[in-house]
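A short write-up of the structure that comes next.
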Number of protein chains: 2
Amino acid sequence: MAAPRPTIKDVAALAGVSKSLVSLAMRDSGRVSPESLTAIRAAADELGYRPNAAARSLADRRSNTIGVLVQDLHNPISAEIIDGVQRQVRASGYHTMLVTGSEDAELEQSEIEKLLEFQVEGLVIIGHRMPAGARAAIKGYCPTVIISRAESDIAGLDSISNDDNAGGRMAVDHLYSLGHRAIAHITGGDNEVALMRKSGYESAMTGYGLAAQLASYEGAFTDEGGYRGTCAALDSKMGHSAIFVANDLAAVGALAAAADRGLKVPDELSIIGYDGMALGGLRSIGLTTIAQPLATMGLDAAALLFLRIKDPTRPPVHIGLEPRLVIRNSTGVYHG
Amino acid sequence: MAAPRPTIKDVAALAGVSKSLVSLAMRDSGRVSPESLTAIRAAADELGYRPNAAARSLADRRSNTIGVLVQDLHNPISAEIIDGVQRQVRASGYHTMLVTGSEDAELEQSEIEKLLEFQVEGLVIIGHRMPAGARAAIKGYCPTVIISRAESDIAGLDSISNDDNAGGRMAVDHLYSLGHRAIAHITGGDNEVALMRKSGYESAMTGYGLAAQLASYEGAFTDEGGYRGTCAALDSKMGHSAIFVANDLAAVGALAAAADRGLKVPDELSIIGYDGMALGGLRSIGLTTIAQPLATMGLDAAALLFLRIKDPTRPPVHIGLEPRLVIRNSTGVYHG
DNA sequence: ACGCTGCGTTGGACCGTTCCAATACCCGTT
DNA sequence: AACGGGTATTGGAACGGTCCAACGCAGCGT
């Protein structure tokens with residue numbers, strides 16, 4: 001072992017040509033004679049030659065790589081968005097380098113640093129938080145698209161999201177139309193996305209003249225958070241007959257809380273989530289939800305990114321996609 | 001814009017020192033005078049200097065990066081394993097580059113190629129399939145650990161997995177002890193892992209003298225596969241009272257199938273999965289399962305990888321971890 | 001005064017590519 | 001036979017870092 005990896009020179013020597021020609025041949029750049037080509041191919045195969053991406057990107061001054069930061073890999077919707085991003089990125093002949101963020105902002109920051117050191121040509125951030133400090137680091141250096149937040153106000157950052165405010169209202173509309181009035185909300189924390197959904201809830205409730213029924217309980221974008229928040233809601237004396245949970249993962253936690261209390265869903269308690277994760281669609285869960293077009297968001301985000309790469313001066317845009325109500329088995333009519 | 005990123009030379013010029021010194025300073029390699037150090041720091045900050053990873057890895061002849069190939073990002077257990085891998089990799093001062101595989105073997109292969117071109121110093125493969133051809137490509141070049149399969153027979157490849165055969169037997173043991181006899185199995189396809197679980201099922205059944213009751217239905221490691229397989233099982237005339245599904249994701253599909261038929265779980269049908277994904281633990285799902293120590297597997301895999309990196313000649317090992325029965329609400333005693 | 005030591009610093013070679021200008025070659029024209 | 005033009009090929013200069021041998025300069029002992 002310890003055999004140093006063969007370089008372009010080794011291939012050249014073996015094939016009896018210059019390294020320049022090998023370089024040309026490896027990228028099948030037209031004008032290489034058939035004989036040289038086959039000789040070089042053979043030599044490369046024999047040595048198991050694999051071009052060194054570091055050297056190439058150094059010489060090229062481009063990495064051909066897009067960095068993707070996923071803030072919450074545990075949320076199944078991440079995978080669905082990533083799928084979309086990757087499809088588009090690949091279609092454009094680029095590669096994808098994925099790193100994961102986490103609760104730890106500092107760590108997240110350092111992951112982004114790493115991507116930038118790798119000279120990624122673009123950055124896709126999937127998540128509802130904006131890594132502190134990252135904005136400054138990114139700004140001006142690296143085309144960036146952020147998925148799931150509306151950030152068009154920040155110069156130089158494109159963004160794509162659904163209209164969380166409208167979605168929040170849709171959730172209330174649905175429950176209201178089923179006859180529910182005492183509708184609680186379990187929040188998703190204090191990030192912008194959660195706040196938008198909450199404000200959608202509030203404005204819809206107020207619009208229906210239910211300001212007195214407003215009741216938000218603190219939760220989080222995790223099943224655990226949904227469980228906690230729902231327990232708090234059920235412990236209250238408000239007699240909630242329906243709950244709008246900030247996202248699907250938390251809604252599954254809410255289902256668990258209901259089950260623990262022996263409440264039948266949807267007969268005794270209606271629950272609606274947000275996101276449209278595939279898992280929620282399984283009949284054993286059957287979660288009614290406000291669905292985002294996840295794969296589409298990923299696809300569009302990548303497309304947007306390439307537009308910006310092509311023309312870095314274009315004004316930043318925000319693409320807003322419509323959420324969509326998906327009715328399944330966790331919501332039902334109110335029987336007082 | 002279009003401002004080319006500042007290089008080490010720019011920093012050197014601004015700080016009035018040589019680039020060598022800047023290089024030293026950036027890696028705080030001891031012997032730089034405090035004055036120079038602060039001057040360099042200031043210059044770097046002002047310019048927003050960020051070292052170029054490509055150049056560095058070229059000069060170093062090491063990338064400080066571990067590549068991770070995730071075959072099925074949609075399976076929630078992937079995220080849990082990745083967590084473990086990342087923790088360990090970070091603790092060792094390395095970075096992680098994640099790529100996703102897919103059904104498309106060719107694409108998967110090319111993702112691996114990409115990682116190798118990036119000169120990753122090690123490779124972790126998470127998944128039950130071995131990308132065709134990848135083995136040869138990897139062999140001899142790059143220390144590799146494969147998670148979730150037993151591959152110790154392949155020279156140079158370390159592996160880590162749980163004992164799928166034993167796990168399969170445990171599933172049957174559990175169901176048998178509850179009084180079930182007509183126990184069906186929904187397979188996870190024809191990959192090695194699924195086959196091991198199946199063979200565990202078969203040997204346990206045979207051991208209990210239930211060879212006549214053996215019944216495997218074709219499924220897959222997806223919720224869809226579990227749904228399909230379970231439908232087939234329920235359509236048969238074998239009167240299955242319990243089903244052992246090849247993994248949790250598929251088991252959730254099985255729950256859905258049962259629900260669709262109006263079968264109450266666990267009263268009329270017991271279902272046990274395999275993997276121990278966190279989502280299965282939610283009370284609204286409450287899936288009994290054979291749990292693998294997922295995070296531990298990730299951690300150990302990375303640890304193993306570093307051992308091999310340190311000593312490439314050590315004989316390949318296979319670490320087998322014990323699966324563990326986790327009883328929840330999807331299995332219950334048989335009432336004939 | 002002189003060399004020695006050791007610290008802080010420096011220039012230049014090198015890593016494996018790509019790119020460019022320059023060259024070698026072959027062939028058809030005149 | 002000399003010439004022009006195109007095509008295949010080549011050497012060498014980048015790219016942005018790291019490393020190493022060498023250097024200047026204090027302060028020290030003799």
Side-chain angles (χ1 to χ4, degrees), chain A residues 3-41 43-44 47-65 95 113-114 116-121 141, chain B residues 3-41 43-44 47-65 95 113-114 116-121 141:
Chain A
R5 299 185 44 168
T7 76
I8 200 171
K9 271 186 201 148
D10 301 321
V11 178
L14 184 56
V17 299
S18 74
K19 68 186 166 55
S20 303
L21 195 56
V22 176
S23 172
L24 282 256
M26 292 312 290
R27 293 166 296 150
D28 30 50
S29 299
R31 41 155 79 102
V32 176
S33 73
E35 305 86 61
S36 309
L37 197 63
T38 53
I40 292 172
R41 286 265 161 77
L47 295 175
Y49 170 68
R50 199 187 312 283
N52 180 324
R56 178 189 303 222
S57 101
L58 186 58
D60 266 2
R61 246 138 16 285
R62 52 189 306 258
S63 61
N64 217 256
T65 301
H95 255 263
E113 287 291 327
K114 244 356 179 212
L116 294 177
E117 286 182 12
F118 267 100
Q119 317 293 109
V120 294
E121 295 176 45
Y141 284 118
Chain B
R5 299 185 46 169
T7 75
I8 201 171
K9 272 185 199 151
D10 301 321
V11 177
L14 184 56
V17 298
S18 74
K19 70 183 166 58
S20 304
L21 195 54
V22 176
S23 172
L24 286 240
M26 293 311 291
R27 294 166 294 150
D28 29 51
S29 301
R31 40 151 67 116
V32 177
S33 72
E35 305 88 60
S36 308
L37 196 62
T38 54
I40 292 172
R41 287 264 159 78
L47 295 175
Y49 171 69
R50 201 186 311 283
N52 180 324
R56 190 201 301 256
S57 100
L58 186 57
D60 267 3
R61 251 151 353 297
R62 52 189 307 255
S63 61
N64 218 256
T65 301
H95 256 264
E113 286 291 326
K114 242 6 180 204
L116 294 177
E117 286 182 13
F118 267 101
Q119 317 292 110
V120 294
E121 295 176 44
Y141 284 119

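Here the structure is a predicted model, which means the values were calculated and not measured. Order of the sequence lines fixes the chain letters, A, B, ..., with proteins taken first and strands second; residue numbering starts at 1 for each chain.
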(message) Under a 3.5 Å distance rule, please check whether B:Glu121 uses its side chain to pair with a backbone N or O of B:Ser63 as donor and acceptor.
(response)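 Here the side-chain-to-backbone pair exists.
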(message) Treating A:Arg27 as the side-chain partner and A:Ala25 as the backbone partner, does any N or O pair qualify as donor plus acceptor under 3.5 Å?
(response)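 Flag not set: sc A:Arg27 to bb A:Ala25 has no pair under 3.5 Å.
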Distance, rounded to the nearest Å, where [X] contributes [atom1] and [N] contributes [atom2]:
X	N	atom1	atom2	value
B:Phe118	C:dG16	CZ	C1'	15 Å
B:Gln119	C:dC15	CD	C1'	11 Å
A:Leu21	D:dG12	CG	P	17 Å

(message) What's B:Ser57 touching, base or sugar-phosphate or nothing? Going by heavy atoms closer than 4.0 Å.
(response)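 Touches nothing.
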(request) Using side-chain hydrogen bond (donor to acceptor under 3.5 Å, both in side chains) as the criterion, list what pairs up with B:Arg41, not counting sequence neighbours. (result)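 Once residues adjacent in sequence are excluded, B:Arg41 has no partner under the side-chain hydrogen bond (donor to acceptor under 3.5 Å, both in side chains) criterion.
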(request) Would you please confirm or rule out a distance under 4.0 Å between OP1 or OP2 of C:dC7 and any side-chain N or O of B:Ser33? (result)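 So the side-chain polar atoms of B:Ser33 never come under 4.0 Å of the phosphate oxygens OP1 or OP2 of C:dC7.
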(request) Mind checking the OH-NZ spacing from B:Tyr49 to B:Lys9? Nearest 0.5 Å is all I need. (result)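 Output value for this atom pair is 11.5 Å.
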(request) Quick one, give me the B/S/- string for nucleotides 14-27 of chain D, reading 5' to 3', where B means a protein heavy atom under 4.0 Å from the base and S means that only happens at the primed atoms, P, OP1 or OP2. (result) -BBBBB--------
(message) Between A:Asn52 and B:Gln119, is there a side-chain heavy-atom distance shorter than 4.5 Å?
(response)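 In short, these two side chains touch, coming nearer than 4.5 Å.
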(request) Tell me, please, which residues at least two apart from B:Thr38 pass side chain to side chain contact (heavy atoms under 4.5 Å, CB included). (result)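 Listed in chain order: nothing, the list is empty.
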